[in-house]
Amino acid sequence: MAEARERRFRVLRRDRIRQSLSDVGTARITETAAQVRQRGKATLHDRLHRVRMSLALAVQAGLAAGLSWVAAHELLGNPQPVFAPISAVGTLAVSVGQRFRRTVELIIGVAVGVAVGDILVHFLGTGPWQLALVVTVAILLTIFAGGSVAIVIQAAATAVLIVTLSPTVEALEIPRFVDAFVGGGIALLVTAILLPLNPLRVLNRAARPALDLLADQLDAAADGLRARDRDKVQTALDRLRDNKAELATLTEAIEGAKETALLSPARWHRRSELTHYAEAADPIDRTMRNSGTLIRRAVTLIEDAEPVPEPMPDAVAHLAEAVRLLKREFAQGEEPERARERSLRAVSDAGRAYAEGVGFSGSVVVAQVRTTASDLIVASGISQEEANRMVRQSFGETDRPGSPSGPEPEVKRPTAPPVG
């Protein structure tokens, strides 16, 4: 009887273990499937966003390629103007804001490649080793002259064409020169006259991902501080650190908008607005970096179990809202007064938190709230000196001798240095 009961007990226990493992496996499968679905949605959203951002460029490139072919073939009589559309697309494919320079680089690179290729082919003939020598000399010559990467590539590519095609195509050099001029010129014509982009719309689209990322992670950091959730704040820090793509997109958009406003008569009336946007680029970049420092110290604050006064998370949340307001008011062409007011409200709450008592990392968080708010106010069009004065006043200081000159408060000395 005892053996039978023991046998039944073992069977029941084995069944329970199997059921438990089955439940765990089912839960993991469900969680994995949910993650895959979410990743697929995010990937599709990102791809559609990239398509929308690149649609205007694709249309410009297609129009420039077609027009450059017509100009070189029909107007100039080149029977096979292959290089003209290639030059046009190559000019437009470079980062916006560098297209005029790209056209000049195309022409210089073609000139170097033609010269090196013609001279060496004349004395050495054609063949594999001659091709290798021509490319090597073209690259070394352009590097010695201080040419950019684009010039080096064009010189080498043109040298290759001269060596490989000159035996079968007569007078290749002149059509190659003409095609470079025509393709680059048509590309500039398309971007400046025929299909000039709206620079403010380009800037707004480019700024949105960077500012949304910043605002979302500041909000997450504020929630993490309220709940003393170290992992949540750390996740916000990790996501904010991965912001190079967003900042690069914004920087390229600013350069492209300035180029469009310079070359396109239809966009000349936007110059003052573009200047304002361009001046905001550096403060926005500083805001990203200072927010990263703020969130990093918030992680240490929670790890060291320092006090978190109630106004501290509110101050960080106000910074997030100030970023959103700045984005919205820039997009609508309004004076960013509400963004300034919300930035100063963040400073005021930081001052209240500092008065209630904070530890070492808490004082750094307060200092970074002040610095970040100052950067946002400067981005809104206020001078650095005036922004610092507004920050000191909102924090509760006066412009008395010996008071801090910048947006950072004097750090209280902790009784013992914290870890981290």
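As a basis for the values below, the full set of heavy atoms in this structure was taken, side chains included, without hydrogen atoms, waters or symmetry mates.
When all heavy atoms are compared, the tightest approach of Ser363 to Val358 is N-CG2, 3.6 Å. In this structure, Ile295 and Gln217 approach most closely via the heavy-atom pair CD1-O, 3.9 Å. Smallest separation of non-hydrogen atoms from Leu124 and Gln130: O-NE2, 3.1 Å. Between Ser361 and Asp304, the shortest heavy-atom distance links the atoms OG-OD2, 4.4 Å. In this structure, Ala64 and Ile186 approach most closely via the heavy-atom pair O-CG2, 3.5 Å. Nearest approach of Ala317 to Ala222, heavy atoms of both residues: N-CB, 3.8 Å.
To the nearest 0.5 angstrom, Asp223 atom CG is 9.5 Å from Asp229 atom CG. Rounding to the nearest 0.5 angstrom, the gap separating the CG atom in Asp314 from the CD atom in Glu321 is 13.0 Å.
Judged purely by atom type and a 3.5 angstrom limit, Thr142 uses its side chain to pair as donor or acceptor with the backbone of Ile139. With Ser348 contributing its side chain and Leu344 its backbone, the two residues share no donor-acceptor pair below 3.5 Å. For Thr371 (side chain) and Gln368 (main-chain N/O), no donor-acceptor pair under 3.5 Å exists by modelled atom type.
Of the options Leu237, Leu319, Leu240, Val366, a side-chain contact (heavy atoms from CB on, under 4.5 Å) to Leu294 is made by Leu319 and by none of the others. The salt bridge (charged side-chain N to carboxylate O under 4.0 Å, His left out) with Asp216 is formed by just one residue from the set Lys327, Arg324, Arg208; it is Arg324.
Using a cutoff of 4.0 Å between basic side-chain nitrogens and carboxylate oxygens, Arg338 and Glu341 are not scored as salt-bridged. Using a cut-off of 4.0 Å between Lys/Arg side-chain N and Asp/Glu carboxylate O, Arg340 and Glu329 are scored as not salt-bridged.
A side-chain donor-acceptor contact under 3.5 Å links Asn388 and Ser374.
Counted within 6.0 Å of CD on Glu310, heavy atoms from surrounding residues, nucleotides or ligands total 12 or fewer; the atom is thus considered open. When the shell of 6.0 Å around CZ of Arg239 is examined, it contains 12 or fewer heavy atoms from other residues, nucleotides or ligands.
Looking at Arg392 and Arg370, their side chains come closer than 4.5 Å, going by heavy atoms from C-beta outward. When side chains are defined from C-beta on, Leu75 does not count as touching Val70, because their heavy atoms never get closer than 4.5 Å.
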